[in-house]
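Working notes for the structure below.
Each chain gets a letter, A, B and so on, in the order its sequence line appears, and its residues count up from 1.
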Number of protein chains: 2
Amino acid sequence: MYMLYSKSSEYVVRALVYLAMKDNADFIMVKEISEHTEIPQPFLSKIFQDISRAKWITSKKGKNGGVKLAVNPAKLKLLDVISYFDGMQDYSRCMFGHKECGVSSKCALHNKCSDLKNEIYDFLNSTTIADFTSIWKKENKVSLKELKIF
Amino acid sequence: MYMLYSKSSEYVVRALVYLAMKDNADFIMVKEISEHTEIPQPFLSKIFQDISRAKWITSKKGKNGGVKLAVNPAKLKLLDVISYFDGMQDYSRCMFGHKECGVSSKCALHNKCSDLKNEIYDFLNSTTIADFTSIWKKENKVSLKELKIF
DNA sequence: ATAGTTTCAGATAAAAAGGTCTTAATATCT
DNA sequence: AGATATTAAGACCTTTTTATCTGAAACTAT
Ligand code: FES
Ligand code: FES
């Protein structure tokens, strides 16, 4: 199955959204996140190690330890998250690698392809982790502002 | 790097477009296709074996042998090609696998996500191999009708 | 201090994707 | 018939991705 990003990217988005929905005062155990997001725990640990290096979270060992967001989720763009794990895509490249297309002339689909790529890019570039949380928060009877994170 | 399909799918689209642009009277050597499309020859052979089973091409061994389209490229949808190699995607699933979303309530992005997925789906479902050939053909001073394929 | 808890770090393993090679079969040409 | 050309088939290899395991380090509470 192929979508726009790797499994690691999907997982980390899911995990970060979970964190963004919680009160950011306490550290949250990887185990808890793993259970709620259905991400294999050892794999999630590894992913958190990675983004800990990127300073998106802070972690604490030992009792009452866990992980906690270190950045404002409203500033964490999907594009950044995905690029961090999968590398930056070349959105100017023809989706099917026809290299003749666009050089001296264009295929009939060139503009249609570009439009689609642009929409994908814009979505990933304009969407943040925080964007996913809004309605869910309401359901949980907690609003973003009530949480006063950052 | 992650796009919407596997390398095999990308390759086969490129190869099929190349075939669709040629006079369909003769068999064309895999080697020639490999060189023009910059697909590793042994890998391309393998792919052709696959789509030969699917009856999209016919092949002939021995001198003057090669491969040739067996179906009208205007009937070969990208979605079919990609599904054949990568399996059918679940376009209803949340892109990030948040399973709570959409059940009792939706996240703020639900509609935006759905729109994007739909556009991807529509593009793949409405585009055929033949759609890529039009302008290139003109460059090569050969029109689709002149070729009289099918 | 000590015991218990939890992440850190790195090694390792399993699975999937991408790519190559070799031999056999088949067709054509002379 | 024999030589040559070309795909078929499948085994094999490599790399990347996904996932797991283990021991050490760090923190807390008692
Ligand atoms: S062939 Fe890809 S955009 Fe024209
Ligand atoms: S969380 Fe994916 S569409 Fe709402």
Side-chain angles (χ1 to χ4, degrees), chain A residues 1-15 19 25-35 37-70 81-87 89 96-97, chain B residues 1-15 19 26-35 37-70 82-87 89 96-97:
Chain A
M1 289 297 179
Y2 287 80
M3 209 54 202
L4 301 163
Y5 31 76
S6 67
K7 211 85 179 159
S8 293
S9 289
E10 180 188 315
Y11 283 165
V12 84
V13 168
R14 232 165 55 226
L19 280 180
D26 297 327
F27 285 95
I28 297 168
M29 280 196 294
V30 173
K31 195 181 172 204
E32 175 190 330
I33 303 169
S34 157
E35 279 163 5
T37 55
E38 296 184 348
I39 301 168
Q41 197 200 328
F43 198 50
L44 185 57
S45 295
K46 194 94 192 277
I47 291 171
F48 275 131
Q49 282 175 41
D50 275 348
I51 61 175
S52 173
R53 268 183 231 112
K55 310 282 185 196
W56 296 346
I57 58 164
T58 51
S59 62
K60 200 171 82 172
K61 294 178 182 176
K63 217 163 209 171
N64 300 326
V67 296
K68 178 204 286 203
L69 278 180
V81 176
I82 292 166
S83 300
Y84 186 79
F85 280 91
D86 304 339
Q89 305 253 7
F96 294 95
Chain B
M1 289 294 182
Y2 286 81
M3 211 51 203
L4 302 163
Y5 32 76
S6 66
K7 212 82 181 162
S8 295
S9 289
E10 180 188 315
Y11 283 164
V12 85
V13 167
R14 220 149 80 215
L19 280 180
D26 297 326
F27 284 96
I28 297 167
M29 281 197 293
V30 173
K31 197 183 170 203
E32 176 190 330
I33 304 169
S34 156
E35 279 163 5
T37 55
E38 295 184 348
I39 301 167
Q41 196 199 326
F43 198 48
L44 185 57
S45 296
K46 193 148 188 217
I47 291 172
F48 275 130
Q49 282 174 42
D50 275 347
I51 62 176
S52 171
R53 268 182 229 113
K55 310 282 187 198
W56 296 347
I57 58 164
T58 52
S59 63
K60 201 172 83 172
K61 295 177 182 175
K63 219 161 207 171
N64 300 326
V67 297
K68 176 203 290 204
L69 277 180
I82 291 166
S83 301
Y84 186 78
F85 280 91
D86 304 338
Q89 302 253 9
F96 295 95

What is the distance, to the nearest angstrom, from the [atom1] atom on [X] to the [atom2] atom on [N]?
| X | N | atom1 | atom2 | result |
| --- | --- | --- | --- | --- |
| K68(A) | dT6(C) | NZ | C1' | 16 Å |
| D50(B) | dT7(D) | CG | P | 16 Å |
| K60(A) | dT6(C) | NZ | C1' | 11 Å |
| I47(A) | dT18(D) | CD1 | C1' | 9 Å |
| K7(B) | dT17(D) | NZ | P | 12 Å |
| I51(B) | dA9(D) | CD1 | P | 13 Å |
| E10(B) | dG19(C) | CD | P | 10 Å |
| F48(B) | dT6(D) | CZ | P | 15 Å |

Kindly give the atom pairs (protein nitrogen or oxygen, nucleotide nitrogen or oxygen) under 3.5 Å for nucleotides 1-5 of chain C.
none

For the side chain of [X], counting heavy atoms from C-beta on, which of [options] is nearest?
| X | options | result |
| --- | --- | --- |
| P42(B) | dT18(D), dT20(D), dT20(C) | dT20(C) |
| Y2(A) | dG18(C), dT7(D), dT20(D) | dG18(C) |
| Q49(A) | dT18(D), dA9(C), dC21(C) | dA9(C) |

inquiry  = Determine whether a donor-acceptor pair (N or O, by modelled atom type, separation under 3.5 Å) exists between the side chain of S34(B) and the backbone of V30(B).
reply    = no

ask   = Is there a donor-acceptor contact under 3.5 Å from the side chain of K68(A) to the main chain of D26(A)?
value = no

key: Distance test, side-chain N/O of S59(B) to OP1/OP2 of dT6(D), below 4.0 Å   = no

query = Looking at Y11(B), does any N or O in its side chain come under 4.0 Å of the phosphate oxygens OP1/OP2 on dG18(C)?
reply = no

query = Between F43(A) and G66(B), which is nearer to the 5' end of DNA chain D once each is assigned its nearest nucleotide?
reply = G66(B)

If you look at every heavy atom in [X] and [Y], which pair is closest and at what distance?
| X | Y | answer |
| --- | --- | --- |
| K60(A) | N64(A) | CE-O, 3.7 Å |
| R14(A) | E38(A) | NH2-O, 3.5 Å |
| D50(A) | Y84(A) | O-OH, 3.1 Å |
| I47(A) | F85(A) | CG2-CZ, 3.8 Å |

inquiry  = Using 30° and 60° as the class boundaries, would you call the ring planes of Y5(B) and F96(A) parallel, tilted or perpendicular?
reply    = parallel

inquiry  = Over all strands shown, is V30(A) touching base, sugar-phosphate only, or nothing at heavy-atom distances under 4.0 angstrom?
reply    = sugar-phosphate

message = At 4.0 Å (heavy atoms only), tell me whether S45(A) reaches a base, stays on the sugar-phosphate, or touches nothing.
response = nothing

query = So, does the side chain of K46(B) form a donor-acceptor pair with the base of dG19(C) at under 3.5 Å?
reply = yes

